[in-house]
Peer 1: 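Below is the structure I would like to discuss, written out as structure tokens.
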Amino acid sequence: MELNDANLQTLTEFLRKTLDPDPTIRRPAEKFLESVEGNQNYPLLLLTLLEKSQDNVIRVCAAVTFKNYIKRNWRIVEDEPDKISDLDRTAIKANIVNLMLSSPEQIQKQLSDAISIIGREDFPQKWPDLLTEMVTRFRSGDFHIINGVLRTAHSLFKRYRHEFKSNELWSEIKLVLDTFALPLTELFKATIELCQTHATDINALKVLFSSLTLISKLFYSLNFQDLPEFFEDNMETWMTNFHALLTLDNKLLQTDDEEEAGLLELLKSQICDNAALYAQKYDEEFQPYLPRFVTAIWNLLVSTGQEVKYDLLVSNAIQFLASVCERPHYKHLFEDQNTLTSICEKVIVPNMEFRSADEEAFEDNSEEYIRRDLEGSDIDTRRRAACDLVRGLCKFFEGPVTAIFSGYVNSMLAEYAKNPGENWKHKDAAIYLVTSLASKAQTQKHGITQANELVNLTEFFVNHILPDLKSPNGKSSFVVLTMLHKCPSIFFLQLPKEQLLQAVPLLITHLQAESTVEHTYAAHALERLFTMRGPNNSTLITAAEMAPFTEQLLNNLFKALALPGSAENEYIMKAIMRSFSLLQEAIVPYIPTLIGQLTHKLLLVSKNPSKPHFNHYLFESLCLSVRITCKANPTTVSSFEEALFPVFTEILQNDVQEFLPYVFQVMSLLLEIHSNSIPASYMALFPHLLQPVLWERTGNIPPLVRLLQAYLEKGGATIAGSAADKIPGLLGVFQKLIASKANDHQGFYLLNSIIEHMPPESITQYRKQIFILLFQRLQGSKTTKFIKSFLVFINLYCVKYGAIALQEIFDSIQPKMFGMVLEKIVIPEVQKVSGTVEKKICAVGITKVLTECPAMMDTEYTKLWIPLLQALIGFFELPEDDSIPDDEHFIDIEDTPGYQTAFSQLAFAGKKEHDPIGDAVGNPKILLAQSLHKLSTACPGRVPSMLSTSLNAEALQFLQGYLQAATVQLV
């Protein structure tokens with residue numbers, strides 16, 4: 001694509017169409033952009049548009065498109081096509097920093113993100129001047145430019161907060177510190193001085209405080225991995241100024257907005273985080289500063305209001321106290337009874353209360369409220385922080401804290417009892433207090449794992465939870481909602497089973513509630529209840545115990561999906577999946593009705609997939625329906641196909657990318673249930689599955705390979721007969737996969753199925769070419785994963801076609817190649833093969849080479865007979881060699897970059913491990929003994945003489961054990 005006005009105009013028109021709400025206009029435009037993004041100059045055209053277009057909407061659209069293009073394509077993945085030319089890469093890096101710094105803020109943010117994506121791959125080795133280019137801009141004095149640099153640096157360095165320690169990471173951080181730490185510190189001091197100079201200029205203060213917040217975030221990232229020497233030496237500068245900023249109260253920066261945090265709150269929140277980091281990780285060095293920070297943060301907490309805009313600040317401030325009170329060094333700061341009482345009264349209780357703002361969120365934006373509460377994304381909420389502080393205090397002061405709170409809990413419950421309709425918030429806070437006190441340690445998955453023995457959860461549940469579950473009373477039903485999801489996850493391991501069973505029908509009733517929060521919490525509670533494990537690791541609640549409630553449970557769950565606001569409620573769909581899994585064959589009578597509702601729902605969501613979790617649980621529920629019903633009666637598979645195929649066809653025709661990997665998995669599951677034949681409806685689809693465009697998307701590869709394996713297993717002969725012209729296409733897929741380090745194992749899965757299931761004559765003409773392709777890949781890049789797969793393949797070939805056929809095909813490619821493969825690959829590498837079935841295939845294949853290949857006894861290959869036998873005995877007796885060379889770094893499919901649909905494995909579409917040898921060989925050691933016995937009778941005297949002169953004594957001893965076990969001897 002040339003950099004000219006015509007192409008800029010074309011690109012503008014297509015970008016505008018991508019913003020059109022009409023999918024018939026939007027989708028073709030998106031497809032067009034996808035089709036041209038591999039062209040040279042495409043990214044430069046986007047950068048030109050975002051710089052020079054007169055239309056602001058197009059500029060922003062070009063910026064977002066450019067960032068997403070970089071996100072998808074910048075990382076160079078071995079064996080994958082590189083869509084960005086070297087010239088474009090160089091031009092982008094040469095211009096993007098300047099362009100970012102001179103752009104309006106909306107575009108600056110997109111380009112800043114793009115720089116951080118490029119930096120993640122190229123900095124520092126391939127982009128060594130990035131930092132110096134950025135640091136020189138600090139001297140500009142223009143805070144629009146300075147903030148652009150700071151924002152970019154923040155997006156570049158924030159990964160240091162979660163990267164694993166490594167020498168590569170240390171050297172990068174050292175480089176950054178050497179270049180960046182001093183200018184950052186100088187900028188910090190200069191900015192604080194400017195804040196004092198411009199203390200009465202609100203516009204200047206807004207810009208300066210934005211800078212201080214970004215500088216504080218950078219401080220956190222650069223100090224996260226370890227305490228750098230520079231920051232240790234300059235701790236006085238940083239901590240004194242941080243403390244001054246914490247205690248600063250500039251009236252000009254206070255906002256009237258009760259929802260949105262202002263600049264002062266954001267800065268103080270980050271400083272609380274920085275102080276908590278130092279208190280936790282560098283407590284010795286931080287000790288001189290700690291008391292003044294504790295005092296400042298305490299004063300901040302007791303003087304800050306309940307408005308939503310302070311939530312992040314208050315939660316970070318409480319988290320600071322929580323991190324300090326858990327450290328043995330600082331225990332003395334909290335020992336005094338008055339201090340504990342004061343913390344409980346002034347910090348914990350006020351921040352556990354349900355505020356009117358929470359009530360509004362609950363009523364007006366229930367989806368966001370649920371997300372925050374259930375998914376733990378309330379990590380920054382006051383309640384979560386207050387609960388953490390309770391747990392922290394209980395570490396050293398469990399008795400006193402429990403005693404103080406017991407009084408609060410009793411008085412709250414007494415207030416509630418006086419007027420449940422009005423005082424329900426008291427009970428709500430009491431429940432939070434009790435659950436915080438009860439759990440010394442808990443995990444999101446298992447709930448409480450360590451309990452406070454001073455809190456009687458069972459008594460609390462019976463007296464204060466069950467009554468409300470049975471008869472919710474006006475506003476107090478909100479308290480029930482809290483417990484609907486809190487009681488299974490919080491009381492998991494604490495309550496007797498009988499009480500949990502009492503709760504089941506009550507929870508099922510709550511599924512009918514009109515309130516989105518209430519029926520969602522009920523579904524979530526049931527789902528958690530059904531996953532609980534009993535003493536023998538089976539589910540705590542059994543299908544038999546659920547029998548009286550099964551019909552009502554299924555009815556209410558599916559009715560809940562029809563309630564306003566819950567059409568794509570992931571918690572309900574997850575509860576449906578879990579119910580199917582628990583109830584098993586008990587759901588069979590209901591499936592004819594339910595499958596219609598599930599397929600109808602699938603058709604609706606496929607129009608515009610927007611809830612990935614909901615969609616995943618929907619497909620899992622479909623798989624369970626198929627698996628459970630067809631286990632009881634395999635012939636019902638055709639009725640599932642009738643119900644599902646019309647929807648699947650529509651998904652395939654509309655290329656709904658998010659759903660294709662799921663559709664292929666469900667189709668595999670259905671096809672695998674068929675007896676050894678392949679229905680015509682599947683054969684009609686077969687050619688489409690070989691289309692190259694499907695194989696371009698990494699998320700499609702594992703499920704498509706499995707689906708083709710199912711085709712081969714059920715209809716190898718059918719394909720050879722009625723679709724022989726498609727065999728080259730099938731081998732083309734194998735060739736594409738085998739060339740990729742990430743997907744070569746998938747290529748071998750496909751190849752092994754072709755060898756096992758296709759009639760031998762149908763692939764005779766292709767066999768030699770298959771081996772040549774494998775050798776080319778071996779010469780090009782020989783990885784451990786490839787070698788293991790290659791060994792399994794050649795041994796499967798040997799099992800299927802015989803040892804002579806294996807030797808002949810190798811030697812037809814190049815004379816003496818069979819010997820080279822044995823000597824250079826099989827003998828030294830077979831110990832690396834893992835997996836029960838894979839090991840069995842290799843053992844049987846090598847046994848056949850040893851005992852059924854005349855060339856091994858009568859040619860120059862004879863010298864390899866003993867080393868091969870020795871390797872086989874070692875394969876049986878020695879531990880697996882799982883070493884991987886240092887220079888091999890495999891790319892996981894999940895690690896490939898960009899927005900391509902990742903492969904999401906459906907747990908309930910799982911495939912049984914297939915053993916191509918089956919019962920024909922029980923114990924490969926016995927097979928070796930029997931085969932050697934047969935060989936020795938064919939050529940008497942030779943085998944014992946070779947063994948006695950050349951085989952290692954220990955190996956010989958093992959071999960004699962095999963012969964005894966097989967009750968045979970060598971002659």
Side-chain angles (χ1 to χ4, degrees), residues 77-81 660-661 664-665 668 686 689-713 716 719 726-758 762-763 765-801 806 809 813 821 825 829 832-835 837-838 841-842 845 888 890-896 900 903 905 911 913-914 916:
V77 179
E78 199 171 354
D79 311 319
E80 298 285 326
L660 294 185
F664 297 143
Q665 287 178 82
S668 302
F686 183 65
L689 301 178
L690 304 175
Q691 287 176 350
V693 66
L694 285 177
W695 296 89
E696 292 298 324
R697 299 177 199 144
T698 50
N700 285 348
I701 290 172
L704 264 178
V705 166
R706 177 183 169 189
L707 182 53
L708 289 181
Q709 285 182 286
Y711 269 89
L712 290 162
E713 184 188 338
I719 292 168
K726 297 294 175 279
I727 294 175
L730 197 58
L731 292 168
V733 170
F734 151 74
Q735 184 174 355
K736 176 181 167 56
L737 295 175
I738 218 76
S740 157
K741 281 187 187 175
N743 298 314
D744 50 15
H745 60 294
Q746 297 286 348
F748 276 111
Y749 293 160
L750 188 58
L751 180 59
N752 292 346
S753 290
I754 291 170
I755 295 299
E756 186 184 350
H757 299 297
M758 292 289 281
S762 68
I763 56 165
Q765 60 182 308
Y766 307 109
R767 283 189 214 168
K768 189 171 177 179
Q769 186 56 34
I770 288 170
F771 276 86
I772 289 170
L773 284 170
L774 294 176
F775 280 119
Q776 284 171 345
R777 167 62 208 275
L778 266 175
Q779 286 173 322
S781 73
K782 189 175 95 169
T783 63
T784 304
K785 176 159 74 91
F786 186 88
I787 292 285
K788 287 160 74 170
S789 300
F790 178 74
L791 285 168
V792 174
F793 162 67
I794 60 173
N795 283 297
L796 179 65
Y797 189 95
C798 179
V799 172
K800 176 78 177 174
Y801 296 125
L806 182 69
I809 198 160
I813 295 168
V821 170
I825 299 177
E829 304 283 7
K832 290 192 164 123
V833 173
S834 55
V837 172
E838 289 83 352
I841 291 168
C842 288
E888 281 186 29
F890 294 128
I891 301 157
D892 282 333
I893 289 166
E894 290 75 14
D895 288 345
T896 50
Q900 293 195 33
F903 169 55
Q905 174 75 55
K911 182 183 179 184
E913 188 169 46
H914 170 65

Peer 1: About how many Å separate OG1 of T784 and NZ of K832, when rounded to the nearest 0.5 Å?
Peer 2: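 Reported value, rounded in 0.5 Å steps: 5.0 Å.
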Peer 1: Are any side-chain N or O atoms of W695 and backbone N or O atoms of L689, one a donor and one an acceptor, separated by less than 3.5 Å?
Peer 2: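 At least one qualifying donor-acceptor pair exists.
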Peer 1: Apply the test side-chain contact (heavy atoms from CB on, under 4.5 Å) to residues F775 and I813: give CA-CA distance (whole Å), side-chain angles for both, the deciding distance (0.1 Å), then the verdict.
Peer 2: CA-CA 10 Å; F775 280 119; I813 295 168; 4.0 Å; yes
Peer 1: Checking N795 against L806 for the side-chain contact (heavy atoms from CB on, under 4.5 Å) test, could you report, in this order, the C-alpha distance in whole Å, the side-chain angles of both residues, the deciding distance, and whether it holds?
Peer 2: CA-CA 9 Å; N795 283 297; L806 182 69; 5.7 Å; no
Peer 1: Distance check, rounded to the nearest 0.5 Å: K726 atom NZ versus L731 atom CG?
Peer 2: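 Between atom NZ of K726 and atom CG of L731 there are 13.5 Å.
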Peer 1: If every non-hydrogen atom of I701 is compared with every non-hydrogen atom of Q746, which pair is closest and at what distance?
Peer 2: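 Scanning both residues, the minimum pair turns out to be CG2-CG, 3.9 Å.
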Peer 1: Which heavy atom of G747 sits nearest a heavy atom of F734, and at what distance?
Peer 2: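 Result for this residue pair: O-CD1, 3.5 Å.
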Peer 1: Please confirm whether F771 and F793 have ring centers closer than 6.0 angstrom.
Peer 2: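 Here the rings of F793 and F771 have centres that are less than 6.0 Å from each other.
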Peer 1: Give the minimum heavy-atom separation between P916 and I841, together with the two atoms involved.
Peer 2: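 Heavy atoms of P916 and I841 come nearest at CG-CD1, 3.6 Å.
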Peer 1: Measuring from C798:SG to I755:CD1, what's the distance to the nearest 0.5 Å?
Peer 2: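 Nearest 0.5 Å value for the SG-CD1 distance: 12.0 Å.
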Peer 1: Parallel, tilted or perpendicular: which fits the ring planes of Y749 and H745, with parallel below 30° and perpendicular above 60°?
Peer 2: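 Ring orientation, 0 to 90° scale: perpendicular.
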Peer 1: Taking salt bridge (charged side-chain N to carboxylate O under 4.0 Å, His left out) as the definition, give me every residue that meets it alongside K736, ordered by chain and number, with sequence neighbours left out.
Peer 2: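 E696.
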Peer 1: Give the intermediate values and the outcome of side-chain contact (heavy atoms from CB on, under 4.5 Å) for residues I770 and I754.
Peer 2: CA-CA 11 Å; I770 288 170; I754 291 170; 5.6 Å; no
Peer 1: Looking at residues at least two apart in the chain, or sitting in another chain, which of them share a side chain to side chain donor-acceptor pair (under 3.5 Å) with D744?
Peer 2: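 Expected list: R777, K785.
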Peer 1: Could you tell me the separation between the CD atom of Q735 and the CG atom of L774, rounded to the nearest 0.5 Å?
Peer 2: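 Reported value, rounded in 0.5 Å steps: 10.5 Å.
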Peer 1: Sequence neighbours left out, what passes side chain to side chain donor-acceptor pair (under 3.5 Å) with E713? Give chain and number order.
Peer 2: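 Scan of E713 (side chain to side chain donor-acceptor pair (under 3.5 Å), adjacent residues dropped) gives none.
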